[in-house]
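First up is the structure itself, then whatever we jot down about it.
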Amino acid sequence: MAEHVVLKLLIYLFNLILLLCGLALVVLGSFVQIRYKDYLNSLDGQVFIAPILLIAAGVIMVLVAAFGCFGTCKRLSWTLIVVRNCPSINQSIVRAINQLSPI
């Protein structure tokens with residue numbers, strides 16, 4: 001019984017750390033987008049995608065962490081299945097971004 005409590009606490013703690021990192025990425029991307037707005041506008045039509053990717057990655061991390069925390073606290077298995085399947089979703093997103101952005 002104690003193992004389940006420790007495991008639940010570790011999963012909750014990991015999701016909390018993931019949530020904080022996701023929020024940090026959103027704040028950082030927003031800061032760069034706002035702070036360097038004039039510079040980004042002077043790139044002659046080129047899109048500076050780094051702040052947008054930071055914000056998008058942060059939002060995805062926050063959503064995954066929210067599902068994980070909610071699923072751990074309420075013992076809802078479907079939310080934990082969403083968290084388990086997120087690496088495959090993230091890989092699909094990364095592949096789509098790599099196809100869209102020429103390097």
Side-chain angles (χ1 to χ4, degrees):
M1 185 67 165
E3 299 89 16
H4 294 290
V5 173
V6 171
L7 185 61
K8 183 177 176 180
L9 183 64
L10 285 175
I11 292 172
Y12 184 74
L13 185 64
F14 173 74
N15 285 314
L16 186 64
I17 291 170
L18 187 67
L19 179 77
L20 293 175
C21 290
L23 287 175
L25 282 178
V26 170
V27 168
L28 180 66
S30 300
F31 175 76
V32 170
Q33 187 74 22
I34 292 168
R35 176 80 176 188
Y36 297 106
K37 183 179 178 181
D38 296 330
Y39 173 72
L40 297 175
N41 289 336
S42 68
L43 289 177
D44 296 330
Q46 296 178 352
V47 176
F48 190 62
I49 199 164
I52 297 167
L53 287 178
L54 284 175
I55 294 170
V59 167
I60 290 170
M61 288 175 68
V62 167
L63 289 175
V64 169
F67 273 115
C69 286
F70 186 70
T72 304
C73 290
K74 299 291 183 181
R75 292 186 176 211
L76 295 174
S77 61
W78 68 270
T79 58
L80 297 176
I81 291 171
V82 169
V83 172
R84 184 190 70 194
N85 291 332
C86 276
S88 61
I89 295 169
N90 289 340
Q91 288 174 353
S92 301
I93 292 170
V94 168
R95 285 187 196 126
I97 290 172
N98 286 337
Q99 290 176 355
L100 292 176
S101 62
I103 296 177

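FYI, side chains are in, hydrogens and waters are out, and symmetry mates aren't considered; it's all heavy atoms of this structure. In this text, all values refer to a predicted model and were calculated from it rather than measured experimentally.
- Between Leu63 atom CG and Leu18 atom CG the span is 10.5 Å, to the nearest 0.5 Å.
- Across every non-hydrogen atom of Leu54 and Gly29, the tightest pair is CB-CA, 3.9 Å.
- Under a hydrophobic-cluster definition in which Ile, Leu, Val, Met, Phe, Trp and Tyr are linked whenever side-chain heavy atoms come within less than 4.5 Å, directly or via other members, Val64 and Leu23 are assigned to different clusters.
- Closest non-hydrogen pair, Gly22 versus Val62, comes out as C-CG2, 3.7 Å.
- Contact record, Asn15 with Ala65: O-CB, 3.3 Å, taken as the closest heavy-atom pair.
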